[in-house]
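Worksheet: the structure to be examined is printed underneath.
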Amino acid sequence: MRKMNVAIVGATGAVGTQMIKLLEDSSLPLGSVKFLASKRSAGKQLSFRGETQTIEELVPESFDGVNLALFSAGGGISAKFAPEAVKRGAVVVDNTSHFRMDPEVPLVVPEVNPEALRKHKGIIANPNCSTIQMMVALEPLRQALGLKRVIVSTYQAVSGAGNQAMEELKQQTQDFLEDKPVDQWQANILPCGGDKKHYPLAFNALPQIDVFAEGGYTYEEWKMINETKKIMEDDTIKVSATCVRIPVMSGHSESVYIETEKTATVPEIQALIAEAPGAVLEDDPSQQIYPQALNSVGKKETFVGRIRKDPDEEKGIHLWVVSDNLLKGAAWNSLQIAETMYEMELL
Ligand code: A2P
């Protein structure tokens, strides 16, 4: 059995720390592990499978001898270091948006399009967190009923914006509880670190994730639109999105409306979800059972409920889709890609 030497880039970040936890339990046969971050973190120690590991500063030579590199340190770092890692013999699974729409780079949700992995040229992109969970819920419906249109509104957790954004929300919440006036709350990161203005997220809902782009949509919304078509390999699916950040720590929720080619009853749709890989049906209004962000934290599955038909459109279906954005939306999907590649003998 070939041993894998694995590097995690962004090992101290919100996603990176989850990658490390998942790697501890991974089925991949591990040789060595290497945890990489910025100079600021170099020398810090952490425990991995009972042994002490030291965080190293990311440099090009970090990838010598590495077979698999999981990146989650921002698009700029991936742009610079992922090609370097490939040059030195590693396969890269990149959690940032940098390579996602590159036609040479497979964009993969293992439950949906694992065969795309065969075309890789060294880099595989992990889709956007909100896109991934929507794909897990919609692929079984697409296969059985055909998919014509998707209209999604997201309710996204702050951990998707990283550790500093989580700290900012905690501080604002504290300020609220201490009766500090809102204009004295610190807001330096959200809604988007790279944009001009910043607003508090505590007790708020911000209809901006990432910067604004074409047509009044944000990049996050364009990611959901474009990535859905790429993963499902169908440019004819109509997709539109509104992405909203809410003061939840982890667990993205989505209100998804779809129009299918064929009609189906609610029990038929529920059965399709119940049998789908990676999906869990939580749908019993009589018992107030439906997916909740809080319950999704720490779980790898995508939870689907509130399934109901559009009263005026027989091929229109509403769903509520929830998953842990740091796991299935990021760290788990990345590691699952790596494990799938290993099983397919692509690693
Ligand atoms: P560090 O903690 O040393 O800054 P998050 O998404 O939670 O904000 O985390 C971002 C991750 O990316 C962290 O692990 C962070 O490391 C890492 N990172 C940021 N800038 C760099 C850099 N220039 N080189 C390597 N890693 C970086």
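Keep in mind the model is a prediction, meaning the values are calculated, not measured. Both counts, for ligands and for their atoms, begin at 1 and track the order of listing. Numbers here are sequence positions counted from 1.
The immediate protein surroundings of ligand 1, defined as residues with any heavy atom under 4.0 Å of it, consist of G10, A11, T12, G13, A14, A37, S38, R40, S41, L58, S72, A73, I77, G162, N163.
Under a cut-off of 6.0 angstrom, the local environment of CD in E214 is sparse, with at most 12 non-hydrogen atoms contributed by other residues, nucleotides or ligands. For E345, the CD atom is loosely surrounded, since the number of other residues' heavy atoms within 6.0 Å does not exceed 12.
For the 3.5 Å distance criterion, the side chains of S97 and N128 fail to qualify, holding no donor opposite an acceptor.
Checked against the 6.0 Å centroid criterion, the rings of F203 and F176 qualify as a close aromatic pair. For an aromatic pair to be called close, the ring centres must be under 6.0 Å apart, and F35 with F48 satisfies this. Less than 6.0 angstrom separates the ring centroid of W320 from the ring centroid of Y155.
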